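Let me begin by presenting the structure, written as structure tokens, before commenting on it.
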Amino acid sequence: MTASNSALRLAGVLALACAFAPVGTAAETPSAAAFDPVAFFTGSTEGVGQLKKVFSSAHRIVTHGHGLVRADGMLVIDHRVEEQGEAVRLRQWQLRQTAPGQFSGSMSEASGPVTGTLAGNRLAILYTMRGGMRVDQVVTMAAGGQSASNVMKISKFGMTVATLTETIRRTQT
């Protein structure tokens, strides 16, 4: 597998272990509850989705996450990523709220910083993967706060090369 394919494969599962709703749904109306990503991702989550790469058929992605908040306020999420046809891999997110509605941190599959902007029930996440692929991800909390939808677009040279759609649910452990 080439470095570019490997990076694309890794990008395809990012999903901050999240669940998302498509644009224009009731989950995004102004009356929807505000999203607290730290509360949502603390504890156990499971994400189930489809990754569609250009020139390939869609395939299943499942993520199992466990998040905790360290004493210094850093949210740490450990993910187990199961991508159809690939070896299981582990990733880790580290995110901190830096100002109201603003997050920054790192992710083990990113080549640089991760930034997040929160508006209502939506968290927009941006970062670059190894190999220069840009990731634009939107996690939208659903009514009730127990699930979210995750839509992630991965691009190279300004062209979308993969799209992940995923639903993330809080789980009991």
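All values derive from a computational prediction rather than experimental measurement. Just so it is clear, the values below take in all heavy atoms, side chains as well, and ignore hydrogens, waters and symmetry mates.
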Next on the checklist: Between Asp78 and Leu90, is there a side-chain heavy-atom distance shorter than 4.5 Å?
Outcome noted: no
Item to check | Partner residues of Arg60 under the salt bridge (Lys or Arg N to Asp or Glu O under 4.0 Å) criterion, sequence neighbours left out | outcome: none
Next on the checklist: According to salt bridge (Lys or Arg N to Asp or Glu O under 4.0 Å), who are the partners of Asp136, at least two apart in sequence or on a separate chain?
Outcome noted: Arg134
All side-chain contact (heavy atoms from CB on, under 4.5 Å) counterparts of [X], not counting sequence neighbours:
X: Thr98; answer: Gln102, Ser104
X: Ser111; answer: Thr128, Arg130
X: Ala58; answer: Gln50, Lys52

Distance-minimising heavy-atom pair for [X] and [Y]:
X: Ser147; Y: Arg169; result: CB-CG, 3.8 Å
X: Thr160; Y: Val54; result: O-CG1, 3.6 Å
X: Pro37; Y: Leu75; result: O-CD2, 4.1 Å

Checklist entry - Taking atom CD of Gln146 and atom OG1 of Thr171, what is their separation to the nearest 0.5 Å? => result 10.0 Å
Checklist outcome for this item: In Leu95, Thr117, Leu118, the residue satisfying side-chain contact (heavy atoms from CB on, under 4.5 Å) with Leu123 is Leu118
Checklist entry - Among the clusters formed by ILVMFWY side chains lying less than 4.5 Å apart, do Leu68 and Val38 turn up in the same one? => result no
Item to check | Pair Lys53 + Glu83: basic N to acidic O under 4.0 Å | outcome: yes
Next on the checklist: Using the side chain to side chain donor-acceptor pair (under 3.5 Å) criterion, which residues pair with Gln94? Sequence neighbours excluded.
Outcome noted: Gln92
